[in-house]
Amino acid sequence: MLNRSSENIAVPTLDIHEFRTKQIAGKEELIFNEIIGENIIHKPHKHDFFIIILFDKGSGVHNIDSVDYTIGDNEVHVLFPGQIHKWHINKETKAYQLMIESTFLEQFAPAFRFSFTNYQNHPVISLDHNNYTQLLYEFNAIRSELLDENPVDQLISARSGVICCHRE
């Protein structure tokens, strides 16, 4: 953590549907995207949905609820609805992003290893090689299924559950 500030500004809330035009793959309650290269969000905002970002290679700063987190390789960043964030992701970054409707993700809540509050207070998780490889496999499998002409919803749900409830 690098910096903590207390800004009281009006922060816009973005809806998942605002991200549909740029999605690589998706369905009503789930969007898959990639983050390749530099990406800067200057203005803090929040979402009405969950975001799980798996960083393969990364550097930069991700500010979540006024705390700066240095972005690194093999990390997961978790954002809950209502959390304020912005970032400066550097050009060598490669990451995978799932945007998940609240009602879809909440079905997995009983199987979470920790409470939602714990993840909100510790939104960045460093992964060892084995755990990173397992999560990358699930992210890629979700992307493939979403791109399929006839995606199997139960398979997407199962793989999403594996990601959400993964134990380090």
Side-chain angles (χ1 to χ4, degrees), residues 1-2 16 19 22-41 47 49-65 67-81 83 85 87-102 104-168:
M1 292 187 286
L2 302 173
I16 195 168
F19 295 89
K22 294 181 183 176
Q23 76 183 24
I24 289 175
K27 54 186 248 156
E28 183 61 29
E29 64 274 353
L30 184 75
I31 293 175
F32 178 94
N33 278 319
E34 292 181 346
I35 301 169
I36 307 291
E38 187 173 47
N39 191 309
I40 301 172
I41 301 172
H47 303 274
F49 54 91
F50 291 89
I51 300 176
I52 301 172
I53 306 165
L54 179 63
F55 284 95
D56 175 28
K57 301 259 183 245
S59 67
V61 176
H62 190 183
N63 182 285
I64 304 170
D65 288 339
V67 177
D68 285 345
Y69 295 92
T70 302
I71 298 168
D73 297 351
N74 301 346
E75 286 183 346
V76 172
H77 291 216
V78 180
L79 282 169
F80 282 72
Q83 284 191 293
H85 85 118
W87 63 35
H88 185 141
I89 296 174
N90 294 329
K91 65 182 177 181
E92 69 281 352
T93 298
K94 181 176 183 182
Y96 308 94
Q97 181 181 59
L98 289 176
M99 298 176 170
I100 307 169
E101 285 280 358
S102 296
F104 182 73
L105 187 121
E106 287 167 356
Q107 69 182 313
F108 307 115
F112 274 38
R113 183 174 183 185
F114 302 109
S115 70
F116 277 5
T117 304
N118 184 70
Y119 290 107
Q120 287 173 307
N121 292 331
H122 305 283
V124 176
I125 303 164
S126 294
L127 302 170
D128 64 27
H129 177 73
N130 190 41
N131 282 307
Y132 169 77
T133 302
Q134 289 174 2
L135 286 180
L136 179 61
Y137 176 84
E138 297 301 335
F139 269 76
N140 285 326
I142 287 173
R143 174 182 45 201
S144 294
E145 193 63 31
L146 289 169
L147 290 170
D148 192 278
E149 197 172 295
N150 297 304
V152 178
D153 290 345
Q154 295 85 350
L155 189 54
I156 294 168
S157 290
R159 294 197 179 284
S160 298
V162 169
I163 290 171
C164 293
C165 303
H166 184 77
R167 308 214 187 255
E168 329 166 33

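Bear in mind that the values here come from a model prediction, so they are computed numbers and not experimental data.
- Of all the heavy atoms in Ile89 and Gly37, the pair that sits closest is CG2-O, 3.9 Å.
- For the pair Leu147 and Phe32, the minimum side-chain heavy-atom distance is 4.5 Å or more.
- Among Ile125, Val76, Leu98, the single residue meeting the side chain to side chain contact (heavy atoms under 4.5 Å, CB included) criterion with Leu54 is Val76.
- Note that the CD1 atom of Ile52 and the CG atom of Leu135 stand 9.0 Å from one another [nearest 0.5 Å].
- Taking CD1 of Ile64 as the start and CD1 of Ile51 as the end, the distance is 9.5 Å to the nearest 0.5 Å.
- Residues passing the side chain to side chain contact (heavy atoms under 4.5 Å, CB included) test with Asn140 are Tyr96, Leu136, Arg143, sequence neighbours excluded.
- Residues satisfying the ring-ring contact (aromatic ring centres under 6.0 Å, His included) test with Phe55, not counting sequence neighbours, are His77.
- Taken to the nearest 0.5 Å, the CG atom of Asp73 stands 8.5 Å off from the OH atom of Tyr132.
- When all heavy atoms are compared, the tightest approach of Phe50 to Ser102 is CE1-CA, 3.7 Å.
- We find the CG-CD1 distance between Asp56 and Ile35 to be 12.0 Å, quoted to the nearest 0.5 Å.
- Residue Trp87 forms a side-chain hydrogen bond (donor to acceptor under 3.5 Å, both in side chains) with just one option from Asn63, Thr93, Asn39, and that option is Asn39.
- Here the closest non-hydrogen pair linking Tyr137 and Arg159 is CE2-NH1, 3.7 Å.
- The two residues Ile40 and His88 have their closest heavy-atom pair at CD1-CE1, 3.6 Å.
- In this structure, CZ in Phe49 is found 11.0 Å from CG in Leu30, a value given to the nearest 0.5 Å.
- Taking all atoms of both residues into account, the shortest heavy-atom contact from Ile16 to Met99 is CD1-O, 3.7 Å.
- Note that CD of Gln97 and CG of Asn33 are 5.5 Å apart. Values are rounded to the nearest 0.5 Å.
- Contact annotation: the side chain of His85 approaches that of His62 to within less than 4.5 Å [non-hydrogen atoms, C-beta and beyond].
- Between the side chain of Asp128 and the main chain of Asn130, a donor-acceptor pair closer than 3.5 Å is present.
- A donor-acceptor pair is defined here as one N or O able to donate and one able to accept, closer than 3.5 Å; no such pair exists between the side chain of Asn90 and the backbone of Glu38.
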